[in-house]
Asker: 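To start, I am sharing the structure in question, which I have written as structure tokens.
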Amino acid sequence: MRPRTGPTSESVSSLLVDLDEQERETIELRLERWSDDLVDALAMLYPGHDVSALTLRLVESAIAGFRAREPELRHLDQRRLLRPDWLQQPDMLGYACYTERFADTLAGIPSRLPYLRDLGVTYLHLMPLLQPREGDNDGGYAVQDYRTVRADLGDVDDLRELTRTLRGHGVSLVLDLVLNHVAKEHEWARRARAGESRYRDYFHVFSDREMPNAYESTLPEVFPDFAPGNFTWDAELDAWVWTTFNEWQWDLNWANPDVLVELADVVLYLANLGVEVLRLDAIAFTWKRLGTNCQNQPEVHAVTQALRTVARIAAPALAFKAEAIVGPRDLVQYLGQGRHSGRLSDLAYHNSLMVQVWSMLATGSTLLAKEALRSLPTTPPSGTWICYIRCHDDIGWAIDDGDAAAVGLNGWEHRRFLSDWYAGDFPGSWARGLVFQHNPATGDKRISGTAAALVGLSDAPDAQAEGAALARLFLAHAIVAGWGGIPVVWSGDELGLPNDPHWADEPGHEDDNRWAHRERIDWTEAASSRDPGTRAGRVFQGLAHLARVRAGLPQLHASGTTDVVVDTEDGVLAVRRGHPSGPMVCVYNVTGEWRHVSLELFRQAGIREPVDAIGGHAIYSGADGQVALSPYAAWWVVDSA
């Protein structure tokens with residue numbers, strides 16, 4: 001039964017009058033299944049509004065989006081509904097890049113598909129390519145027009161044609177949707193400055209500093225070096241406007257339901273271009289509440305639920321990915337828990353796993369990782385992780401002080417140590433990262449750098465050091481690929497590229513050293529990816545091998561459970577994977593020395609004849625029942641029986 005606060009059946013029926021019988025039945029069934037989720041989200045977000053009328057507006061948008069959907073995409077909808085775990089399959093492997101740095105233009109990507117398929121890629125994330133503001137634009141995250149492609153990359157027709165081509169090769173396209181803010185040059189912001197009250201209400205606008213000062217008392221600064229504070233005075237607006245990230249990125253006022261309706265239309269527009277996954281950028285910041293840090297507020301999840309429900313009605317093939325780089329305890333909320341279970345994003349970034357991988361490599365200790373990773377809540381059946389060792393962004397050391405204290409560490413001191421280690425400033429460090437956004441007042445330091453730079457591969461002085469660095473690199477990738485979820489490789493890491501020494505030469509990049517790890521692919525060098533005699537070839541072929549092995553292991557279906565084994569010796573991380581297909585134990589030595597695990601570890605998991613699926617070798621113990629692990633060993637242990 002439709003909730004009393006939802007639209008009437010008569011009002012919905014009037015929207016379906018010219019659909020054929022099959023289309024009408026499709027929409028009616030989807031509304032029956034999902035409209036309650038929409039009403040529930042809207043009632044939480046907008047208790048003082050007419051929820052019935054607002055629901056009808058969004059249902060109308062969904063039906064219009066369905067009408068505009070091409071037959072091929074409707075067919076994809078049916079396929080995804082019949083296989084809702086498509087993102088959880090072990091053959092999923094992601095690759096993320098900037099279009100212009102990978103293939104120059106959208107039209108150039110198809111020629112690079114053989115390269116991607118050789119690596120095993122099934123999920124391609126192209127970094128922001130919607131029209132940004134001119135000049136500095138936060139790497140494309142200051143969007144001026146959600147419905148236009150950057151002219152230097154192509155146009156909307158090029159994007160639509162690319163999604164068709166990728167689908168034909170079994171690759172899903174992922175695009176960013178910036179939800180927290182728009183560029184100050186966006187039409188909504190321009191109309192707000194022109195005095196239109198409707199669009200002024202799309203933003204957080206204050207005539208004086210009273211409320212900004214009240215908010216600032218509990219707000220952190222995201223970019224203290226070059227964008228201090230969270231509010232900017234705009235002379236044309238004659239007011240202060242909320243700008244969390246930069247003065248030219250205006251935060252949207254999601255407490256205004258018109259903003260939700262606008263962005264729902266954008267979601268459907270991108271889905272109808274053939275985009276299969278939307279990365280919800282800065283989703284954690286979207287809802288503001290006085291007296292808090294204005295991150296991870298409960299309404300953030302209701303916003304996602306509303307957008308997700310509209311998409312499910314019109315384009316159920318579309319998946320959502322939450323870009324929430326938040327503390328470990330908040331992270332799993334973005335996949336849906338409690339009242340939001342099964343109703344939010346399909347994917348979320350496992351930031352904690354990434355941080356713990358680098359922490360283990362720097363310290364040679366697994367105590368903190370065991371404490372932090374074993375205590376994370378399980379993911380809901382419908383959601384899974386994006387696992388990665390780095391992305392386009394800097395690395396912030398999201399380590400919980402409670403986890404650190406539980407293993408005898410001071411959280412602040414450990415974060416400082418990790419920054420010093422990966423900047424190469426700590427004695428004995430092999431890393432060659434770059435310090436990003438050092439805040440002397442708080443001691444906070446983040447790190448930029450390619451994976452090769454961070455593991456010490458780019459500056460390895462001799463063959464022995466190079467071998468150790470390669471082992472660290474493969475170990476890191478094996479940990480994230482063996483966790484479950486979707487492992488994603490950042491462009492250039494598959495070739496072991498060093499930091500770009502010329503990163504500051506491009507206009508607008510000189511104050512942002514994250515461009516050091518956002519390199520352009522040199523296709524002459526990339527051609528050596530097939531030659532295992534080159535460094536690039538060794539890295540590429542190693543990652544491709546991991547992808548092939550992973551694809552053949554049903555135990556790595558993301559619905560399987562992941563349990564950290566706590567009673568291994570320090571320096572060894574062991575993870576049990578639970579899946580109906582059979583047992584699996586992943587074992588990693590994060591040190592440069594020999595370590596041991598008990599053969600009983602595999603026996604207790606139900607593995608009678610243990611074999612390492614990565615190396616293809618049987619596993620034996622000594623007379624004492626101990627199995628020796630070589631330095632930086634990575635084993636995915638299954639039963640050969």
Asker: Can the positive tip of Arg518 be found less than 6.0 Å from the middle of the six-membered ring of Tyr98, inside 45° of the ring normal?
Answerer: no
Asker: Answer yes if the side chains of Glu216 and Asn230 hold a donor-acceptor pair under 3.5 Å, and no otherwise.
Answerer: yes
Asker: Answer yes if the side chains of Asp251 and Thr244 hold a donor-acceptor pair under 3.5 Å, and no otherwise.
Answerer: yes
Asker: Does any non-hydrogen side-chain atom of Arg514 lie less than 4.5 Å from one of His392?
Answerer: no
Asker: Quick one: are the ring centres of His186 and Tyr146 less than 6.0 Å apart?
Answerer: yes
Asker: Find out whether Met127 and Cys97 are in side-chain contact, i.e. whether some heavy atom of one side chain is under 4.5 Å from a heavy atom of the other.
Answerer: no
Asker: Going by the side-chain contact (heavy atoms from CB on, under 4.5 Å) test, name the single residue among Ile386, Leu373, Val355 that passes it with His350.
Answerer: Leu373
Asker: If only side-chain N and O atoms count, and only distance matters, is there a donor-acceptor pair under 3.5 Å linking Asn213 with Arg209?
Answerer: yes
Asker: Give me the one residue out of Leu130, Asp176, Asn180 that meets side-chain contact (heavy atoms from CB on, under 4.5 Å) with Tyr141.
Answerer: Asp176
Asker: Looking at Trp86, I'd like to know if the NZ or CZ of Arg79 sits under 6.0 Å from its six-membered ring centre while staying within 45 degrees of the ring's axis.
Answerer: no
Asker: Any donor-acceptor pair under 3.5 Å linking the side chain of Glu276 with the backbone of Ala319?
Answerer: no
Asker: Below 4.5 Å, heavy atoms only, C-beta onward: do Arg289 and Tyr215 meet side chain to side chain?
Answerer: no
Asker: Do Lys321 and Tyr334 meet the criterion of a side-chain donor-acceptor pair at a distance under 3.5 Å?
Answerer: no
Asker: Donor-acceptor pair, distance only, cut-off 3.5 Å: does the side chain of Thr562 make one with the backbone of Trp483?
Answerer: yes
Asker: Where the side chain of Asn253 meets the backbone of Tyr202, is there a donor-acceptor pair that is under 3.5 Å apart?
Answerer: no
Asker: Of Trp250, Trp242, Trp240, which is the lone residue that meets ring pair (Phe, Tyr, Trp, His ring centres under 6.0 Å) with Phe231?
Answerer: Trp242
